[in-house]
Amino acid sequence: MTCIFLVNCVKGILSAGGENPESFYGAFNIDILETAFNTPRDRLERLFGQQKRGIIIKASEEQIRAISQHVSHSTGGPFNVLNQRPLIGNRFGQYFEAAPERFQQLRDLDVAVGIMNINRGGMTLPVYSTRATWLVMVAQGTGRLEMVGSQSQQRQGHNYQKAVRGSVSVGDFFVIPAAHPITDIATGDSNLRMVAFGINGHTTD
């Protein structure tokens with residue numbers, strides 16, 4: 001259940017502007033960068049100077065305020081998925097979802113965000129999304145999952161194959177392709193909490 005492609009993504013970020021390699025932005029003329037980022041030259045030079053210390057740097061309070069204002073004006077600002085009413089909820093757990101129909105930040109990307117919390121000893125009934133593919137990471141607890149693969153057939157619809165079974169724990173990542181029924185079971189001493197991103201978020205049914 002190891003997330004290989006996330007590691008590859010991080011390597012890509014490091015190669016673009018990491019701890020030792022110089023960012024590709026440095027190859028551009030400073031006039032081009034000033035226009036592209038609408039930022040004065042002295043600020044850009046300070047930024048690229050900081051970048052040589054790595055991809056994680058200390059931001060000043062002024063920079064944080066400026067970024068926060070820009071985000072709130074351009075994208076509607078951050079939101080807390082857990083502040084929404086649970087889409088599904090009972091004494092065995094809750095499922096929260098932020099759909100692109102309700103949030104401008106997700107609309108153009110056509111992505112949904114979901115948080116599943118299964119109480120200790122609980123499980124989800126087998127369920128699947130007709131078209132959306134979900135990328136899921138375990139944020140808390142341990143559990144088991146069973147996912148049934150399917151192959152689309154022109155005349156008979158979906159032909160369901162043998163279930164794939166596995167155990168998951170904090171940090172594990174798995175993908176739920178569209179039309180693949182899955183059930184999750186909380187097996188540890190704490191709740192099982194998972195964070196998921198649905199691609200083709202408008203079709204998460």
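The structure presented is a predicted model; accordingly, all values stated were derived computationally and were not measured.
Few gaps surround CZ on R41; more than 12 heavy atoms of other groups in view lie less than 6.0 Å from it. Taking a 6.0 Å sphere around CG of D189, one finds it holds 12 or fewer heavy atoms contributed by other residues, nucleotides or ligands. Within 6.0 Å of CG in D42 there are more than 12 heavy atoms belonging to other residues, nucleotides or ligands.
Residues R120 and S190 fail the side-chain proximity criterion, which asks for heavy atoms closer than 4.5 Å.
Distance CG/N117 to CD1/I88: 13.0 Å, rounded to 0.5 Å. One distance of note links CD1 of I182 with CD1 of I176; it measures 4.0 Å at 0.5 Å rounding. Considering CG of D184 and CE of M123, their distance stands at 8.5 Å, rounded to 0.5 Å. Between the CG atom in D172 and the OG1 atom in T142 there is a gap of 10.5 Å [rounded to 0.5 Å]. Atom CZ of R193 sits about 8.0 Å away from atom CD of Q94, to the nearest 0.5 Å. Interatomic distance, M116 CE to N191 CG, rounded to the nearest 0.5 Å: 12.5 Å.
When all heavy atoms of I185 and L192 are compared, the closest pair comes out as O-CD2, 3.8 Å. The two residues R102 and R107 come nearest to each other via the heavy atoms C-NH2, 4.2 Å. Taking every heavy atom of both residues into account, P177 and M147 meet most closely at CD-SD, 3.9 Å. Shortest non-hydrogen contact noted between N90 and F92 is OD1-N, 2.8 Å. Smallest separation of non-hydrogen atoms from T130 and A178: O-CB, 3.9 Å. In this structure, G114 and W134 approach most closely via the heavy-atom pair N-CZ3, 4.0 Å.
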Side chain to side chain contact (heavy atoms under 4.5 Å, CB included) between M194 and Y95, worked out: CA-CA 10 Å; M194 296 172 288; Y95 173 65; over 6 Å; no
Stepwise side chain to side chain contact (heavy atoms under 4.5 Å, CB included) test for L135 and F173: CA-CA 7 Å; L135 315 178; F173 175 92; 3.8 Å; yes
V111 and F103: CA distance, side-chain angles, deciding distance, side chain to side chain contact (heavy atoms under 4.5 Å, CB included) verdict: CA-CA 10 Å; V111 171; F103 293 91; over 6 Å; no
Candidate pair V136 and V175, rule side chain to side chain contact (heavy atoms under 4.5 Å, CB included), full reasoning: CA-CA 6 Å; V136 187; V175 178; over 6 Å; no
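Linking ILVMFWY residues whenever their side-chain heavy atoms come closer than 4.5 Å, directly or via other members, leaves L145 and V127 in distinct clusters.
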